[in-house]
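Structure record follows, encoded as structure tokens.
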Amino acid sequence: MVEKVSTAFVKLGIDTTLGGMPVRGNVGMQYIHTDQSSTGFYRIGNVISPVTRGTSYDDWLPSLNLNAEVAANTYVRMGLGKTLARGRIDDMRAGAEVKINAATQVGGPTTWGGSGGNPELQPWRATAFDLSFERYFGKRSYVAFAGFYKDLKTYIYKQNWIVDFSAFPNTSNPPLATPLNPLAIFETPANGNGGQVHGAELSASLDAGLWNAALDGFGVTGSISVVASNVAPNGPGTSQKLPGLSGTSSNLTGYYEKNGFQVRVSQRYRSAFRGEINGLHNAREFSNIEAERQVDAQIGYEFQTGSLKGLSVLLQANNLTNAPYVTTQGNGFGDVVAVERYDTYGRQLLLGVTYKY
């Protein structure tokens, strides 16, 4: 795969007031020219022949970022722009396999067929909008609420194209009759219908000492996000979920940091999602990965006086509850699912010692 990408951009800073509010940010534009090609081989029967294919395209990507201080220690941030992400490199390979399908019934016709990559594949393109509200308290505390919306103009998934196979020789083995109809289905990754991805996140970091001096050193940080999408990654009319997309994710950490001591207990959670994994011969496969909740902890101490000053000791314990990794699959009986994998990896203890002078 050969790819040449030329990029030009311009950016202007913004530092002004609007309705008495300080507003900062920037506005910009990127121009991207992409020229891509791939050299590979197509095979039909026992004959292998080289093939080179490719394409070029242009993109204009405007963006706008603003940060307004709507009140003391209170900010509203906004981002708006067009973005792109290139497809998988193996999807853009030129290699292909062409075959002649034997007649399915006596006296029936043979048909062409094939599958392979698509070096003419163009990237995922989207328009993105982000908005957040942030309130800060002191040096270590804040509360923020953010939302985002992404409109994917296109999504890459395997499609069946009608292709003219008349240029291919009949080298089928065992020998089969040359199909009378040169038009047939070729399966390849291609740009298709996109959709929307949207969500919201609430996050906070709270220093308990701000509200009660007796709690100085204690605090809590955390976030929770909710995401939804109507993208059909296998094409219109399919029900599979977007790979890697969890509907709910969260993390929560309680801590104490004072007088050299450092104690933290954290919990992270991720709801079930459709995972993308490497299967047989490194082929891309999908699996339903069940919800996971993991708890970690650590305790440390830094000597601040005496002959040991500068010495720090830290003990970490990961996966305290030995949370399992579980995948499931349908078993052919309606909505009932069966466990595919149930793995536990045990707890992990790490002890570290550092010294600085």
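Because the structure is a prediction, the values reported are computed rather than measured. These numbers come from the heavy atoms of this one structure, side chains and all, not from hydrogens, waters or symmetry mates.
- Using a distance-only test at 3.5 Å, with no hydrogens or angles considered, a donor-acceptor pair links the side chain of Ser271 to the main chain of Thr248.
- Under a cut-off of 6.0 angstrom, the local environment of CG in Leu180 is sparse, with at most 12 non-hydrogen atoms contributed by other residues, nucleotides or ligands.
- Using a 4.5 Å cut-off on side-chain heavy atoms (C-beta onward), Val265 and Leu252 make no contact.
- Listed for the Tyr269 side chain is no donor-acceptor partner under 3.5 Å among the backbone atoms of Ile224.
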Ser203 vs Ser223, side-chain hydrogen bond (donor to acceptor under 3.5 Å, both in side chains): CA-CA, chis, key distance, verdict: CA-CA 4 Å; Ser203 61; Ser223 68; over 6 Å; no
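- Contact detail for Pro189 and Asp91: the closest heavy-atom pair is CG-OD1, 3.6 Å.
- Residue Met1 is not grouped with residue Val5 when hydrophobic side chains (ILVMFWY) are merged at heavy-atom distances under 4.5 angstrom, including chains of intermediate members.
- Across every non-hydrogen atom of Pro324 and Thr344, the tightest pair is CB-CG2, 3.9 Å.
- Without hydrogens or angle criteria, Thr110 side chain to Ile100 main chain gives no donor-acceptor distance under 3.5 Å.
- The shortest side-chain heavy-atom distance between Tyr142 and Asn73 does not fall under the 4.5 Å cut-off.
- In this structure, the side chain of Asn322 engages the main chain of Gly346 through a donor-acceptor pair within 3.5 Å.
- Residues Glu69 and Arg24 are not paired through a salt bridge, judged by the lack of any N-O separation under 4.0 Å between the basic side chain and the carboxylate.
- Residues Pro22 and Tyr75 fail the side-chain proximity criterion, which asks for heavy atoms closer than 4.5 Å.
- Side-chain contact of Thr328 with Glu290: a donor-acceptor pair under 3.5 Å is present, judged by distance alone.
- Cluster membership check: Val70 shares its hydrophobic cluster with Leu18, using side-chain heavy-atom separations under 4.5 Å among Ile, Leu, Val, Met, Phe, Trp and Tyr.
- The backbone N or O of Ala146 sits nowhere less than 3.5 Å from a side-chain atom of Asp130 that would complete a donor-acceptor pair.
- With hydrogens and angles ignored, the 3.5 Å screen pairs no side-chain donor or acceptor of Ser246 with any backbone N or O of Phe273.
- Between Arg293 and Ala323 the shortest heavy-atom distance is O-CB, 3.2 Å.
- Cluster membership check: Tyr256 shares its hydrophobic cluster with Phe303, using side-chain heavy-atom separations under 4.5 Å among Ile, Leu, Val, Met, Phe, Trp and Tyr.
- A donor-acceptor contact closer than 3.5 angstrom links the side chains of Ser287 and Glu340.
- The 12-atom threshold is not exceeded at CZ of Phe9, counting heavy atoms of other residues, nucleotides or ligands nearer than 6.0 Å.
- The closest donor-acceptor contact from the side chain of Gln159 to the backbone of Asn191 lies under 3.5 Å.
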Dump the intermediate steps for side chain to side chain contact (heavy atoms under 4.5 Å, CB included) on Met29 and Tyr31, then the final yes or no. CA-CA 7 Å; Met29 174 69 76; Tyr31 165 72; 5.9 Å; no
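- A 4.5 Å side-chain heavy-atom check between Val51 and Thr39 finds every atom pair outside the cut-off.
- With hydrogens and angles disregarded, a donor-acceptor distance shorter than 3.5 Å links the side chain of Gln36 to the backbone of Leu121.
- The hydrophobic cluster containing Leu314 does not contain Leu308, counting ILVMFWY residues as joined when their side-chain heavy atoms lie under 4.5 angstrom apart, directly or transitively.
- Residues Leu206 and Val143 meet the side-chain proximity criterion, which asks for heavy atoms closer than 4.5 Å.
- In plain terms, the two heavy atoms of Gly117 and Thr188 that are nearest each other are O-OG1, 3.2 Å.
- Between Asn26 and Ile14, the closest side-chain pair of non-hydrogen atoms is not below 4.5 Å.
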side-chain hydrogen bond (donor to acceptor under 3.5 Å, both in side chains) between Thr74 and Arg135: does it pass, once the steps are laid out? CA-CA 5 Å; Thr74 305; Arg135 170 70 173 171; 2.9 Å; yes
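- Closest non-hydrogen pair, Ser229 versus Leu242, comes out as OG-CD2, 4.0 Å.
- In this structure, Arg125 is positioned above the aromatic face of Tyr57, its NZ or CZ under 6.0 Å from the six-membered ring centre and within 45° of the axis.
- Taking the six-membered ring for Trp and thresholds of 30 and 60 degrees, Tyr155 and Trp124 have ring planes inclined between 30 and 60 degrees apart.
- Smallest separation of non-hydrogen atoms from Asn319 and Asp296: N-OD1, 2.7 Å.
- Side-chain contact between Lys82 and Gln30 is absent, with no heavy atoms from C-beta onward closer than 4.5 Å.
- Side chain of Thr127 to backbone of Asp151: no donor-acceptor contact under 3.5 angstrom is found.
- In this structure a side-chain-to-backbone donor-acceptor pair under 3.5 Å is present from Asn170 to Ser172.
- Side-chain contact, Ser205 with Thr221: no donor N or O sits under 3.5 Å from an acceptor N or O.
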Walk me through whether Phe129 and Met78 qualify under side chain to side chain contact (heavy atoms under 4.5 Å, CB included). CA-CA 8 Å; Phe129 175 73; Met78 184 200 75; 3.6 Å; yes
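- Ring orientation note: the planes of Trp112 and Phe165 are close to parallel, at an angle under 30° on the 30°/60° scale.
- Atoms CD and CZ, from Gln329 and Arg341 in turn, are 12.0 Å apart once rounded to the nearest 0.5 Å.
- A cation-pi arrangement is not found for Arg43 relative to Phe41, the charged atom failing to lie both closer than 6.0 Å to the ring centre and inside a 45° cone about the ring normal.
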Step by step, work out the side chain to side chain contact (heavy atoms under 4.5 Å, CB included) result for Ser49 and Val47. CA-CA 7 Å; Ser49 304; Val47 177; 3.9 Å; yes
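- Between Ile185 and Ile162, some side-chain heavy-atom pair lies under the 4.5 Å cut-off.
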Arg86 vs Thr34, test: side-chain hydrogen bond (donor to acceptor under 3.5 Å, both in side chains). Steps then yes/no. CA-CA 10 Å; Arg86 291 177 179 83; Thr34 304; 3.0 Å; yes
May I have the step-by-step check of side chain to side chain contact (heavy atoms under 4.5 Å, CB included) for Asn193 and Tyr157, ending in yes or no? CA-CA 9 Å; Asn193 290 6; Tyr157 51 89; 4.3 Å; yes
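- Phe218 and Tyr255 end up in different hydrophobic clusters when Ile, Leu, Val, Met, Phe, Trp and Tyr side chains are linked at under 4.5 Å.
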Criterion side-chain hydrogen bond (donor to acceptor under 3.5 Å, both in side chains) on Arg268 and Gln294, from CA distance to verdict: CA-CA 5 Å; Arg268 59 179 176 84; Gln294 184 167 317; 3.1 Å; yes
